[in-house]
There are 2 protein chains.
Amino acid sequence: MNEPASRKTLPRLDESLLTHLPPFSRLEKRQIRTILDQATSRRYDSGVAIFEEGHPAERFYMLLDGYVRVIRITPTGEQVTALHIPAGQLLGIARALGRVTYPATAMTATESIVLSWPTRLWDTFVAEYDGFATETYKTLGHRVGEMNTRIVELATQQVEQRVANALLRLINQTGRKVEGGIEIDFPITRHDLSELTATTLHTVSRLLSGWEKRGLVLSKRKRITVCDPHALVLLGQG
Amino acid sequence: MNEPASRKTLPRLDESLLTHLPPFSRLEKRQIRTILDQATSRRYDSGVAIFEEGHPAERFYMLLDGYVRVIRITPTGEQVTALHIPAGQLLGIARALGRVTYPATAMTATESIVLSWPTRLWDTFVAEYDGFATETYKTLGHRVGEMNTRIVELATQQVEQRVANALLRLINQTGRKVEGGIEIDFPITRHDLSELTATTLHTVSRLLSGWEKRGLVLSKRKRITVCDPHALVLLGQG
DNA sequence: GTCGGAATTTGCTCTGGAGCAAACTTCCGC
DNA sequence: GCGGAAGTTTGCTCCAGAGCAAATTCCGAC
């Protein structure tokens, strides 16, 4: 807990953390240094809120490592996952959309490392760093596209297709090759998956069991491996 | 049809068209003049596409009058309405999100008047006109919020609630007071409403019939009047 | 190891709302 | 005024998937 000699290097973050990430990729080392010096770094346990819907958007964040679910809670207390955010993306950028409160809650799905800056710096970043705005809006555009897709899925597809597609998206974003297939590399329960696809954990469980019998997936507690992605793609299209 | 003396004023658009609209509201008359001179004005019939999903985003648009539905078409040919856009808003602003193609199709729901500019001017507008970017991102933020709400609705609510909420949103955006209630001031069919709420026209029809018997709404062909908004609000919450 | 809680599986029932079919109504063009 | 097309209503059937209940398995804490 104590750093004998090099105490000052402990909190000092390395520039290489950011250089390859889209919103910062075009910046000079010196600029990144400045940005990092203004940042607060923090580790979150799995399953805790980084920020909450409706609260004033005081900070914006960069997910360095881990995985975050953006969720909304309905009046009746159900959770709906609106979006998944993988490491390397900004989140909580309410300011970019002219909002003063967070429109949703961000919840870690794994242990996560997050940088953050006070929202008042947002405008500075946009003004001073070339490409910063463009790149973040590109990410945003991507998210809007995802949300659109999700609306279409919810509106037209059957549960089986939705779950298949959700799995495919998850392995695309966070798949890790293991023998026998591609594994989702963070713990995910049937219940999580049901919130992602707007169904019940029972139905998800039944589907997975069925697929496992057919050799499409392999699932243990909190862990899912896709063995035959192609077959899932077919299922996903109905 | 012919302008005897003042022919040259015919195609000339009046500055007042834009002065009160958010993205332009902070601009000087001279600037608005320039913007208008670069614009193409066009009238669309009801039910035609202004631009289509996947096509290169060559222009961006301002809906001056009318009403537009932003739709997506599924592989199986069904239409899903993702968003409704009322007069006074920009649309087709793919550029703002770093996209080179339109992410969805925009279809007029009524006869509409639309201004448009070549996409290459987008960056100019953002750079030159103070507040333009901020204001458009605010609109965008609003739309993201709406999409989020829609996802939650689709994921958790029953059809009756969704239809009730859709109606309420429509009268909020485009309601016109008439005796006996508030009327949606553009023609909308049961089928349109079913695409908006991800159900079938049959179910919508049954619901409306039921509500009409209870005195909540009044509906004719392509026309719906809400008589008791409060009761609908209650229905909408389940 | 053993205990307890969390996650998962599975069976059974019940229903919202889709799907299909058919009649009816309204409107528009000739 | 007379078709015919577009929009609407209504009845009936059927099933995907929710809801409930219970058993089982897994895992971490002690």
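First the proteins, then the strands, lettered A, B, ... as listed; each starts at 1.
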Please report, rounded to the nearest Å, how far the C1' atom of dG17(C) is from the CG atom of L207(B). 10 Å

Answer yes if the side chains of T74(B) and T76(B) hold a donor-acceptor pair under 3.5 Å, and no otherwise. yes

If the plane angle is over 60° it's perpendicular, under 30° parallel, otherwise tilted; pick one for Y61(B) and Y102(B). tilted

Taking it one step at a time, do L235(B) and L216(B) satisfy side-chain contact (heavy atoms from CB on, under 4.5 Å)? CA-CA 11 Å; L235(B) 275 181; L216(B) 305 190; 3.9 Å; yes

Going by heavy atoms closer than 4.0 Å, what residues in residues 178-194 of chain A are next to DNA chain C? T189(A), R190(A)

Report the distance from atom CD of Q158(B) to atom C1' of dG17(C), rounded to the nearest whole Å. 10 Å

Whole angstroms only, please: what is the CD-C1' distance between E78(B) and dG19(C)? 13 Å

Could you check how far CD of Q157(B) sits from P of dG16(C), rounded to whole Å? 16 Å

With a 4.0 Å cutoff (strictly under), does any side-chain N or O of S209(A) reach OP1 or OP2 of dT10(C)? yes

For E183(A), the option from K222(A), K177(A), R176(A) that meets salt bridge (charged side-chain N to carboxylate O under 4.0 Å, His left out): R176(A)

With heavy-atom distances below 4.5 Å as the criterion, would you say the side chains of I93(A) and T139(A) are in contact? no

Apply the test salt bridge (Lys or Arg N to Asp or Glu O under 4.0 Å) to residues E146(B) and R169(B): give CA-CA distance (whole Å), side-chain angles for both, the deciding distance (0.1 Å), then the verdict. CA-CA 10 Å; E146(B) 257 185 70; R169(B) 241 174 286 131; 5.9 Å; no

Taken to the nearest whole Å, CH2/W211(A) to C1'/dT8(C) is 16 Å

Between the side-chain atoms of R206(B) and the base atoms of dG19(C), is any donor-acceptor pair under 3.5 Å? yes

So do the side chains of L97(B) and L140(B) get within less than 4.5 Å of each other, counting heavy atoms only? yes

Using a 4.5 Å cut-off on heavy atoms from C-beta on, say whether the side chain of T40(A) contacts that of R59(A). yes

Comparing T199(B) with K213(A), nearest DNA chain C nucleotide closer to 5' gives the residue K213(A)

Whole-Å gap separating P (dG17(C)) and CG (L201(B)): 16 Å

May I ask you to test the Y67(B)-Q173(B) pair for a side-chain heavy-atom distance under 4.5 Å? yes

Is T203(B) close enough to dA18(C) that one of its side-chain N or O atoms is under 4.0 Å from OP1 or OP2 there? yes

Remember a base hit wins even if backbone is also touched, and classify S205(A) as base, sugar-phosphate or nothing at under 4.0 Å, heavy atoms. base

Under 4.0 Å protein heavy-atom contact, by nucleotide of nucleotides 21-27 of chain D - B base, S sugar-phosphate only: B----BS

How many Å lie between NZ on K222(B) and P on dA5(D), as a whole number? 16 Å

Atom-to-atom span, CG of L154(A) to P of dG17(D) - whole angstrom: 13 Å

